[in-house]
Amino acid sequence: MAIVHGTAGRPVLRTDYQRSVAEYWNTEKDPVNLRLGDVDGLYHHHYGIGDYDPAVLEVPAERRDEAIIAEMHRLETAQADVLLDHLGDIMPGDRLLDAGCGRGGTSIMANHRFGCQVDGVSISEQQVEFANARARERGVDHKVKYHLTNMLDTGFETGAMRGAWNNESTMYVDLYELFAEHARQIAPGGRYVTITGCYNDVTGGRSRAVSQIDQHYICNIHSRGEYFKALAANGFVPINVVDLTAATIPYWELREKSSVATGIEGPFLTAYREGSFHYLLIAADRV
């Protein structure tokens with residue numbers, strides 16, 4: 001099997017599992033990601049938060065789905081804004097890392113907000129090519145760059161980053177390895193933020209609905225408690241923890257009514273409503 005080398009010159013895919021994840025995202029062309037991004041050219045790979053406008057369900061039938069898609073995109077962009085709100089004071093001379101960047105929408109939003117350099121990383125060649133093309137189209141490719149590299153071993157300089165985030169990508173990696181690499185890259189006093197789905201330790205392991213989500217995305221959802229153990233083990237001190245579970249349920253209810261529903265909406269809604277799955281934002285300082 002050919003070894004894929006990334007932009008840092010080091011092997012990108014280290015395990016059969018990583019190869020299967022990369023293959024999944026290299027071939028993925030899900031309308032739930034692409035059609036939403038087509039609204040304004042910001043392509044996300046995460047879910048949304050906030051109440052949706054019920055008026056979209058009253059739009060005439062021939063335009064209703066278009067209205068629902070636009071509203072879903074508004075909610076997912078709102079999610080990215082909340083993540084960026086928690087990065088703290090970022091200056092134009094700073095540098096940020098988008099770990100598991102998908103098609104790059106949050107990186108472009110961060111550059112637009114802070115004016116700083118943003119590096120996105122993914123193990124998917126297709127995602128990296130797509131994201132770099134979008135940065136060129138927007139004329140920000142001198143500041144926003146996407147790299148084919150493994151978030152567990154990026155090759156970036158030690159202490160180079162003022163901040164870093166994972167937006168729904170931590171469930172593909174070992175948290176201790178991930179946070180060790182983030183601790184190496186983030187300068188002391190910098191900030192790490194993640195938004196993630198995690199299973200509730202109190203319920204005693206993965207529920208049936210959480211297991212269905214794992215299977216759908218070939219991921220390995222971690223427990224809520226594991227995040228805090230792994231952060232502490234790598235020199236991160238949480239400064240904000242926000243439970244976004246109630247805020248994300250409307251997104252899933254609207255998505256269930258859309259043409260881009262994939263069938264996973266039911267398990268997400270079940271898991272959130274029964275309390276076996278939480279949608280958390282964790283912001284932690286590198287000390």
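No hydrogens, no waters, no symmetry mates; every other heavy atom, side chains included, goes into these values.
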Answer yes or no: is there a donor N or O on one side and an acceptor on the other, between the side chain of [X] and the main chain of [Y], under 3.5 Å?
X      : Y      : result
Glu265 : Gly263 : yes
Arg64  : Val59  : yes
Asp153 : Asn150 : no
Arg138 : Arg134 : no
Glu168 : Tyr47  : yes
Thr194 : Asn166 : yes
Arg184 : Phe156 : yes
His46  : Glu76  : yes
Asp243 : Leu280 : no
Asn220 : Tyr172 : no

> What pairs with Glu274 under side-chain contact (heavy atoms from CB on, under 4.5 Å), at least two apart in sequence or on another chain?
Replying inline: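 For Glu274 the side-chain contact (heavy atoms from CB on, under 4.5 Å) partners, ignoring immediate neighbours, are Ser207, Ala209, Thr270, Ser276.
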Let me check something: do [X] and [Y] share a hydrophobic cluster, defined by ILVMFWY side-chain heavy atoms less than 4.5 Å apart, either directly or through other members?
X      : Y      : answer
Ile218 : Val12  : yes
Met171 : Tyr17  : yes
Leu36  : Tyr43  : no
Phe268 : Ile249 : yes
Tyr227 : Val241 : yes

>> Checking Gln79 against Asn167 for the side-chain hydrogen bond (donor to acceptor under 3.5 Å, both in side chains) test, could you report, in this order, the C-alpha distance in whole Å, the side-chain angles of both residues, the deciding distance, and whether it holds?
In response: CA-CA 9 Å; Gln79 189 261 32; Asn167 198 350; 2.8 Å; yes
Distance-minimising heavy-atom pair for [X] and [Y]:
X      : Y      : result
Ser124 : Leu148 : C-CD1, 3.9 Å
Ala164 : Ile186 : CB-CD1, 3.8 Å
Asn111 : Cys116 : ND2-O, 2.9 Å
Glu181 : Thr154 : OE2-N, 2.9 Å
Asn26  : Glu125 : OD1-N, 2.9 Å
Tyr146 : Ala135 : CE1-CB, 4.1 Å

With a 4.5 Å heavy-atom cut-off, do [X] and [Y] have their side chains touching?
X      : Y      : result
Glu71  : Leu254 : yes
His222 : Cys198 : no
Ile68  : Leu57  : yes
Met72  : Val260 : yes
Met161 : Asp94  : no
Arg14  : Leu152 : no
Thr106 : His44  : yes

> Taking it one step at a time, do Ser258 and Asp65 satisfy side-chain contact (heavy atoms from CB on, under 4.5 Å)?
Replying inline: CA-CA 6 Å; Ser258 76; Asp65 193 61; 4.2 Å; yes
>> Can you tell me how the ring of Phe236 sits relative to the ring of Tyr192, calling it parallel under 30°, perpendicular over 60° and tilted otherwise?
In response: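 Plane angle between 30° and 60°, so tilted.
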Mind checking what makes salt bridge (charged side-chain N to carboxylate O under 4.0 Å, His left out) contact with [X], not counting sequence neighbours?
X      : answer
Glu28  : Arg103
Asp98  : none
Glu129 : none
Asp51  : none

Using a strict cut-off of less than 4.0 Å between a Lys/Arg side-chain nitrogen and an Asp/Glu carboxylate oxygen, indicate whether [X] and [Y] qualify as a salt bridge.
X      : Y      : answer
Arg63  : Glu66  : no
Arg35  : Asp30  : no
Arg136 : Asp141 : no
Asp119 : Lys145 : no

> Is there a side-chain hydrogen bond (donor to acceptor under 3.5 Å, both in side chains) between Thr262 and Arg255 once you walk through the steps?
Replying inline: CA-CA 9 Å; Thr262 63; Arg255 177 167 153 168; 3.3 Å; yes
>> Using the rule given for salt bridge (charged side-chain N to carboxylate O under 4.0 Å, His left out), can you reason through Asp81 versus Arg113, listing the C-alpha separation, both sets of side-chain angles and the distance that settles it, and then say yes or no?
In response: CA-CA 9 Å; Asp81 270 324; Arg113 180 187 291 209; 3.1 Å; yes
Tell me if the centroids of the rings in [X] and [Y] come within less than 6.0 Å of each other.
X      : Y      : answer
Tyr52  : Tyr251 : no
His86  : Trp165 : no
Tyr217 : Tyr24  : no
Tyr199 : Phe277 : no

>> So, taking the atom named NE2 in His278 and the one named CG in Leu244, what distance separates them when rounded to the nearest 0.5 Å?
In response: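 One finds 12.0 Å between NE2 of His278 and CG of Leu244.
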> At what distance, to the nearest 0.5 angstrom, does CD1 of Ile213 lie from CZ of Arg208?
Replying inline: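 Spacing of CD1 (Ile213) from CZ (Arg208) equals 12.0 Å.
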> Could you walk me through whether Val193 and Ile282 pass the side-chain contact (heavy atoms from CB on, under 4.5 Å) check?
Replying inline: CA-CA 6 Å; Val193 181; Ile282 304 170; over 6 Å; no
>> Check this for me: Glu253, atom CD, are more than 12 non-hydrogen atoms of other residues, nucleotides or ligands nearer than 6.0 Å?
In response: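 Yes - once you tally the heavy atoms of other residues, nucleotides and ligands closer than 6.0 Å, there are more than 12.
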> Any salt bridge (Lys or Arg N to Asp or Glu O under 4.0 Å) pairs touching residues 156-166, not counting sequence neighbours?
Replying inline: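 Of all non-adjacent pairs touching residues 156-166, those that pass salt bridge (Lys or Arg N to Asp or Glu O under 4.0 Å) are Arg95-Glu157.
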>> Run Arg286 and His182 through side-chain contact (heavy atoms from CB on, under 4.5 Å) and show every step you take.
In response: CA-CA 9 Å; Arg286 169 76 171 94; His182 284 330; over 6 Å; no
>> Between Leu178 and Met151, does the side-chain contact (heavy atoms from CB on, under 4.5 Å) criterion hold? Intermediate values first, please.
In response: CA-CA 7 Å; Leu178 176 67; Met151 72 171 84; 3.5 Å; yes
> With no hydrogens and no angle check, do the side chains of His73 and Asp40 hold a donor and an acceptor under 3.5 Å apart?
Replying inline: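 Their side chains do contain a donor-acceptor pair, which is all the 3.5 Å distance test asks for.
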